Structure formats: structure tokens, C-alpha cells
Amino acid sequence: MSALPTTSSATPAVELPPGRPFPLGASLRDGGVNFAVFAGDATALELCVFDGAGHEIRHALTHCDDGVWHGFLAGAAAGLVYGYRAHGRYAPDQGLRYNPHKLLLDPYAHEIVGRHVWRDEHYGYQCGHPDGHLSFDRRDNAAWMLKARVAAPLPPLEASAPHTPLADSVLCELHVKGYTQLHPQVPEALRGTYAGLAQPAVIEHLTRLGVTAVSLLPVHYAIDEARLAELGLVNYWGYNTLGFFAPDRRLSATPDDPTATRHEFRAMVQALHAAGIEVLLDVVYNHSAEAGEDGPTLSLRGLDNAACYRLTPEDRSRYDNYTGCGNTLRLSHPRMLQLVLDSLRHWVSEYGVDGFRFDLAPVLGRVERDFEPGSALLTALLQDPVLARCKLIAEPWDVGPHGYQPGRFPGRFAEWNDRFRDSTRLFWTSRGVGRGEFARRLLASNDRFHHGRRRPSASVNFISAHDGFTLQDLVSYNHKHNLANGEHNRDGHHANFSTNCGVEGPSSDPAVRAQRSRLVRAMLASTLLAQGTPMLLAGDELGHSQRGNNNAYCQDNAISWIDWTHADAALMAYTARLIRLRRQHVALRQDHWLADGAGPDDAPGARWLAPDAQHWREMTVDDWHDNLRHALGLWLSPTDGADVLIWVNAESVPLRCALPPGRWALEIDSSRDPIDRPPVDTTIEVPTQAVLVLVREDAA
């Protein structure tokens with residue numbers, strides 16, 4: 001298809017005097033508002049201002065510096081509603097998709113007004129046209145388009161934030177809405193909101209549990225995909241970002257007031273900080289809500305498609321899809337790199353956020369095709385002074401070529417460790433991995449992270465997360481049950497490494513329920529007592545089930561919401577005791593690599609013990625190669641704290657194990673918690689499917 005000529009506005013636009021090309025976005029200054037937006041290949045840019053009745057007044061931005069169009073609107077103030085129209089060539093085969101009939105959202109909008117409704121007018125091409133996305137649509141979408149609103153700056157942050165070293169941290173991944181929507185002690189009007197998460201009863205639960213940081217599922221402004229809207233579903237998780245600087249109003253107690261939403265979000269962060277809890281955000285800088293070539297033109301696509309997105313070299317009308325969501329942001333471009341850094345700084349300086357978990361993080365390091373740990377964006381992240389105190393956590397995989405990159409991120413990054421997840425599941429549910437693999441995971445996966453001055457805390461150990469089975473479902477279902485998602489059960493992980501303990505789904509059989517309880521408690525102990533940084537999925541400590549749905553991204557209902565009225569109080573108390581034990585004993589959270597005693601002058605920090613009833617002994621090569629055994633002991637001897645001995649038995653029978661010399665006190669028995677610290681002899685019985693933790697009470 002031949003390129004269409006540049007089109008012009010039907011309404012004459014008044015030229016604005018020059019503004020400043022920085023900062024990008026809309027900023028108050030000198031009795032007016034400065035507007036600056038990047039659109040490198042545009043031939044003209046219009047600022048479109050809307051009054052209270054929705055009437056549009058266009059202003060031409062005639063000054064452009066290095067691709068940034070800017071102008072100053074004197075007399076304008078906070079509350080002004082606006083958007084952009086970008087003029088230029090429409091040549092999709094060359095990566096150019098300018099269409100001034102489409103109002104565009106400012107990528108730097110701090111406040112977003114309106115409600116997104118899927119309509120054909122949002123597409124730059126004619127839906128249903130024989131030429132598909134290569135065609136051109138002249139219908140105007142302004143009446144239905146989301147718009148930016150000039151935001152007044154928030155007052156300076158009041159209190160200083162807590163800062164817990166990563167090695168001492170216990171993370172809890174949670175969804176703002178799902179965590180509080182059914183909470184009986186949260187006022188009904190605040191349930192499912194930022195204000196609800198800030199309620200004393202909610203924060204008290206987190207502090208009683210021992211959590212040091214919450215990792216919030218995405219809170220950036222997101223919209224539902226068109227496919228979900230057609231099915232009557234929503235993008236509940238929020239991994240479909242449109243506004244990288246604005247809190248999602250769907251999670252606000254005042255969803256119709258963007259300014260109040262901003263204040264509410266900050267108040268939530270400050271309430272958590274006052275309780276000593278850090279706030280980490282799950283951020284999606286790998287793709288945007290504009291989807292693939294058949295997606296809408298809402299913001300970046302209409303401003304500078306070729307600069308903002310990775311286009312396939314063989315056909316520049318199509319997009320590299322390294323995310324599975326239709327597009328991949330071109331983060332090697334200086335302006336896209338700037339957008340990410342500006343967004344991160346905004347959430348730190350404006351709201352006091354303490355860190356970030358980067359979704360599909362290899363995209364951040366893709367330069368041409370492959371992942372590069374020394375890419376410009378990753379390097380810039382590490383040296384940025386505003387982000388210097390932030391925790392940075394990578395999800396180290398995407399769906400592009402060579403997209404599996406665990407252990408390869410720069411040293412300041414921690415990483416989600418899926419090998420810990422899978423190996424721990426297999427060890428307990430089916431004895432599908434041997435002692436050596438499980439032991440390596442308990443010591444922070446040195447095969448992945450012991451290089452480049454990285455520390456054990458770089459390994460974020462988890463057994464379950466938002467994506468996959470909850471811990472309760474992990475021991476209740478052999479198969480995923482995702483029919484409610486509308487994808488005929490084809491979505492979600494196929495390899496869950498789970499067990500139903502003999503019955504698929506809920507069971508009233510005492511034996512089944514007892515086995516499930518043993519496995520849940522054993523896996524919680526494995527996660528919270530391993531070296532590295534533990535992460536819980538919110539609700540796992542309460543026995544939360546998603547009814548076998550392992551991909552509940554579109555389930556904004558009781559499938560995802562935590563049912564507090566049926567919470568397992570005993571399990572919560574047990575989880576809190578595990579976290580308290582971890583906090584009390586430095587042996588369980590050492591942030592240096594533990595020696596194995598192999599050298600003549602090498603004092604071991606960790607010794608592996610074989611289950612032997614006659615005398616205590618360390619594991620031998622033959623022991624490690626015995627694939628029929630799934631029991632072992634870990635003796636931790638820190639230089640500045642008490643020794644801790646962990647016995648693990650995934651076998652089907654109890655084992656009697658001899659103890660090393662000294663006076664040992666039993667602190668945890670996952671099979672019969674709570675315990676009353678019974679006296680321990682020279683041997684101890686380790687029940688089937690159980691973890692025991694003993695602390696040495698003498699210096700012998």
C-alpha cells in the first residue's frame with residue numbers, strides 16, 4: 001500500500017510560543033503550563049485542550065528540539081485537560097503510523113481522566129478493511145479517548161522510609177484489590193483500594209506476620225485488552241500499561257478524581273512506611289497496551305511508532321513480540337530509555353516507593369536481538385542517584401530469542417529464582433529431584449548467582465507467585481482448571497509440579513487434608529529458611545485457593561480475592577513463627593557464600609548431614625549420588641550467632657537421625673506445630689514429609 005499524504009487539522013490551530021523541551025510532560029511554571037512531548041518523525045504537533053463541555057481547542061506546537069515538540073500556554077493551570085494530535089506520514093511498511101484523526105494520551109500524564117471504552121475509532125486503520133492494519137481511518141476518536149490532566153505537584157514527602165537490607169527482607173507479593181476486597185475489618189467503601197491496604201487491620205496482619213516489604217502487582221494506569229472486554233472479563237492483574245506515571249484509578253477509593261487518587265496512593269505508602277514496611281512496585285516496561293500491528297493508536301504508536309517499538313527488520317509494519325502481548329518497547333532508543341528512568345524516578349520522588357520488580361526484565365537489556373547485561377538502560381539504572389537506595393528485582397525471562405537469563409543481571413539486581421520454585425516443588429510433591437539439587441537451592445543457588453560479586457540475597461526464593469498455583473492449590477490439584485478465563489483451558493503453565501494428594505480439588509477426607517497440610521508447611525519452611533531472599537504470595541499463609549486456576553489474570557472476583565473469613569489462623573501463626581525464627585538467627589540469612597570445608601584452612605559455614613540413627617556424619621559422594629533417598633540435614637555455623645540445624649525428610653517414613661555434639665533445642669516441627677520446645681536427646685525422629693529446625697544452646 002502506498003503512503004498516504006500528511007493530513008492537517010480541520011480546525012485552525014493557534015500557534016503557541018516556545019516552551020522548554022524539558023521536562024517532558026506538562027509542568028506548571030511562570031503563570032502557565034509548559035508542554036513537551038517527543039515525536040521525532042512528526043511533521044507537526046498539536047496540543048488539544050478540552051473545556052468542561054468537552055469542546056476541543058487546538059494549539060500548534062511549532063518548536064521542536066531533538067524530536068521534542070514544546071510550547072508554553074500562558075494562564076493555564078492545574079486541572080487543564082489535554083491530549084495531542086501528531087501529523088506525519090502514514091506508511092506502516094516503513095514503521096510510520098501518524099494519524100492526526102486520533103487524539104493521543106501524553107505518555108508522561110500524571111493524571112488521566114475519562115474511561116476507556118473499546119471502539120473502532122481508536123484504531124489508526126479501518127477495522128474490517130481488506131488491507132487490514134495497512135489501511136487508514138479518518139474517524140475522530142476524541143469523544144471517547146482518555147485524556148491527560150495537568151497535575152499540581154504533591155507536597156514534599158513527610159517521613160523517611162524504612163530501609164531493610166535485602167538479606168534481612170521478607171517480601172510479600174500482593175494485589176491491592178484482592179488483598180482487601182473481602183477483608184471484614186476494612187470499611188466497605190475502602191475495600192479493594194489503596195486506602196484499604198493502608199487500614200490498620202491490614203497493616204497489623206503484615207507486621208504480625210513479619211513481612212518487611214510488599215511487592216504490589218502493577219499499579220500503573222492500565223486498560224483491559226479488547227479481547228477480554230468482548231468476553232466480559234478484565235485485566236485484573238494490570239499487566240497492560242498505558243500510563244507509566246499515573247496510579248491506576250480502578251484501585252482507588254475515589255476513582256473519578258485523579259488528584260485524590262494520587263494523594264490516596266501516597267498516603268498508603270506512608271502508612272506502610274510508618275509500620276516499617278517497604279513498598280515495591282511490579283512495573284511493566286516491556287510492552288504497552290497498544291498491542292501489535294492490529295492494536296489501537298492511543299499514545300506512543302501515534303507519536304513515534306518506530307522509535308517507541310521494536311519493529312521486525314523484514315517487515316516494519318509488524319512488531320517484535322518478545323512479550324507475548326503483541327509489542328515490545330524499544331528501550332535501546334534514548335527517549336524510551338528516558339521514559340523508563342523518568343517514570344521510576346517519579347514513583348520514588350513523588351510517592352516514596354522503595355523498589356521495583358521488573359516484569360519480563362530481559363527486554364530491558366535487549367540491544368539488537370539478544371540480551372546484554374551491560375545495555376544502556378541497565379547501566380543507567382545502576383548509576384542513577386535517585387534510584388540508588390531502591391531494591392531492583394528482575395523477572396529474568398521473556399518469550400523472545402534467548403529469553404531465559406537467570407543469573408545474568410548486573411550485581412545490584414536480585415532475581416526471581418524459578419529453579420528454587422520448581423526444584424522445591426518437585427522435591428516435596430513427587431521426590432522428582434535429588435538431594436543435591438534441593439540442597440543447592442537451599443543455599444541460594446550458587447550455581448547461578450555466585451559470580452561477579454553477587455550475594456546470596458540476589459536469589460529471590462519463592463514457591464508460588466501471582467502467576468501459577470497458590471500454595472494450597474499446589475497440593476490440591478494435579479491439573480489446572482482455567483476454563484473461567486475463556487481460553488478453553490489452554491492458558492497458564494502446563495508444568496506445575498503439583499499433587500492433589502489423591503483427590504482433585506477440595507476434600508473432606510482427614511488423611512488427604514493432613515497430607516496437604518504437611519506439604520504446605522514443609523514448603524513454607526523450605527522457602528523461609530533457605531539462604532537468599534524469601535518471597536511469599538499473599539494468602540498462602542492463610543490457605544488461599546484459586547480453585548485450581550493457575551492463570552487468574554482476568555478473574556476480578558472471588559477466585560482471586562482472599563477469603564479472610566475462612567483463613568487458616570494456625571497456618572498464619574506457623575508462618576509468622578518461621579519468619580520470626582529467620583529474623584532471630586543470623587545463620588538463616590547470611591549474605592555471604594557459605595564455605596563447604598573442602599580446603600585445609602576452610603572453616604565450613606554449612607555442613608550437610610546424612611540421616612543416620614547411629615552417629616552423626618556428613619554426606620559423602622555416595623550419599624549425594626543415592627537417588628532413592630530424599631532426606632538430609634543442614635548444619636549452619638555462623639561466626640556471629642547460634643548454630644542452626646535443619647532436618648528435611650520428604651520420604652514416606654519417619655527417620656531417626658543422630659545429632660552433632662551439643663545441647664540442641666527444637667524450635668520448629670512442621671508436622672506438629674505448635675510445639676513446646678521438648679528436650680532433645682542425642683538423636684531425633686524426623687517425621688515423614690516434615691522439616692525440623694533445631695538451635696544449638698551451648699558453645700560446645
Side-chain angles (χ1 to χ4, degrees), residues 1-27 32-50 55-74 76 80-109 121-125 134-143 145-148 150 290 296-309 316-317 333-336 338-339:
M1 176 183 175
S2 60
L4 292 174
T6 299
T7 56
S8 61
S9 169
T11 304
V14 178
E15 291 187 6
L16 283 186
R20 298 172 182 168
F22 59 88
L24 291 173
S27 51
V33 178
N34 189 87
F35 293 91
V37 61
F38 171 72
D41 284 326
T43 57
L45 226 297
E46 290 176 318
L47 168 70
C48 305
V49 175
F50 295 84
H55 298 136
E56 178 180 354
I57 302 173
R58 302 187 187 184
H59 303 269
L61 303 181
T62 59
H63 293 77
C64 182
D65 294 307
D66 194 22
V68 177
W69 297 79
H70 54 91
F72 180 73
L73 184 58
L80 184 74
V81 176
Y82 71 98
Y84 291 111
R85 295 182 186 272
H87 299 253
R89 295 180 62 210
Y90 189 83
D93 59 333
Q94 299 174 43
L96 301 172
R97 292 183 177 270
Y98 289 103
N99 187 337
H101 302 288
K102 308 304 170 184
L103 186 74
L104 304 174
L105 181 69
D106 185 353
Y108 277 70
E121 288 88 346
H122 290 313
Y123 294 83
Y125 61 91
L134 301 178
S135 63
F136 187 80
D137 186 76
R138 297 180 182 274
R139 290 175 295 176
D140 197 283
N141 72 330
M145 182 59 194
L146 293 168
K147 300 172 180 68
V150 177
E290 290 183 302
T297 296
L298 303 174
S299 183
L300 297 173
R301 174 175 282 137
L303 290 168
D304 199 323
N305 182 63
C308 297
Y309 293 109
R316 290 181 62 77
S317 73
H333 190 282
R335 291 301 180 186
M336 292 305 291
Q338 179 184 3
L339 182 143

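Predicted, not measured: the structure shown is a model, and the values here were computed from it.
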TODO: Step by step, work out the side-chain contact (heavy atoms from CB on, under 4.5 Å) result for Val150 and Val33.
DONE: CA-CA 8 Å; Val150 177; Val33 178; 4.1 Å; yes
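- Using cut-offs of 30° and 60° for the angle between ring planes, the His63 and His70 rings count as tilted.
- Using cut-offs of 30° and 60° on the angle between ring planes, the pair His333 and Phe38 is tilted.
- Salt-bridge check for Lys147 with Glu56: failed, with every basic side-chain N at 4.0 Å or more from each acidic carboxylate O.
- Residues His122 and Leu146 fail the side-chain proximity criterion, which asks for heavy atoms closer than 4.5 Å.
- Glu121 contributes atom CD, which lies 5.0 Å from atom CZ of Arg139 (distance to the nearest 0.5 angstrom).
- Within the model, atoms OG1 of Thr43 and CG of Leu96 stand 10.5 Å from one another, a figure rounded to the nearest 0.5 Å.
- The two residues Leu134 and Pro92 have their closest heavy-atom pair at CD2-CB, 3.6 Å.
- With salt bridges taken as basic N to acidic carboxylate O contacts below 4.0 Å, one links Lys102 and Asp137.
- Smallest separation of non-hydrogen atoms from Ala13 and Ala60: CB-N, 3.8 Å.
- Distance alone, capped at 3.5 Å, is enough to place a donor-acceptor pair between the Arg85 side chain and the Pro100 backbone.
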Task: Full working for side-chain contact (heavy atoms from CB on, under 4.5 Å) between Val37 and Leu104 - done: CA-CA 11 Å; Val37 61; Leu104 304 174; over 6 Å; no
Open item on the list: Is there a side-chain contact (heavy atoms from CB on, under 4.5 Å) between Leu339 and Tyr108? Walk through the geometry before answering.
Closed with: CA-CA 8 Å; Leu339 182 143; Tyr108 277 70; 4.0 Å; yes
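- Counting heavy atoms from C-beta outward, Pro21 and Asp66 have side chains that stay 4.5 Å or more apart.
- Here the side chains of Leu103 and Phe50 are in contact, with some heavy-atom distance below 4.5 Å.
- Panel note: side chain Asn34, backbone Phe72; no donor-acceptor pair is recorded below 3.5 Å.
- Residue Met336 comes nearest to Ala307 through the heavy atom pair CG-O, 3.6 Å, listed as atom of the first residue, atom of the second, then distance.
- With values rounded to the nearest 0.5 angstrom, Asn141 atom CG is found 8.5 Å from Thr297 atom OG1.
- Side-chain atoms of Tyr90 come within 3.5 Å of backbone N or O of Ser135 as a donor-acceptor pair.
- One distance of note links NE2 of His59 with CD of Glu15; it measures 12.5 Å at 0.5 Å rounding.
- Remark: Cys48 SG to Arg58 CZ distance equals 5.5 Å, nearest 0.5 Å.
- Between the Asp106 side chain and the Ala148 main chain, no donor and acceptor come within less than 3.5 Å of each other.
- At distances below 3.5 Å, at least one donor-acceptor pair connects side-chain atoms of Arg301 with backbone N or O atoms of Glu290.
- Of the possible polar contacts, one joining the Asp304 side chain to the Asp41 backbone as a donor-acceptor pair under 3.5 Å is found.
- Minimum interatomic distance between Tyr98 and Leu303 (heavy atoms only, all atoms of both residues): OH-O, 2.8 Å.
- Remark: Tyr125 engages Tyr123 in a ring-ring contact (aromatic ring centres under 6.0 Å, His included) (not counting sequence neighbours).
- Judged by distance alone, with hydrogens and angles left aside, the side-chain atoms of Arg97 form a donor-acceptor pair with the main-chain N or O of Ser317 at under 3.5 Å.
- Side-chain atoms of Tyr84 and Trp69, non-hydrogen and from C-beta on, never get closer than 4.5 Å to each other.
- Between the CG atom of Leu80 and the CG atom of Leu47 there is a distance of 7.5 Å, given to the nearest 0.5 Å.
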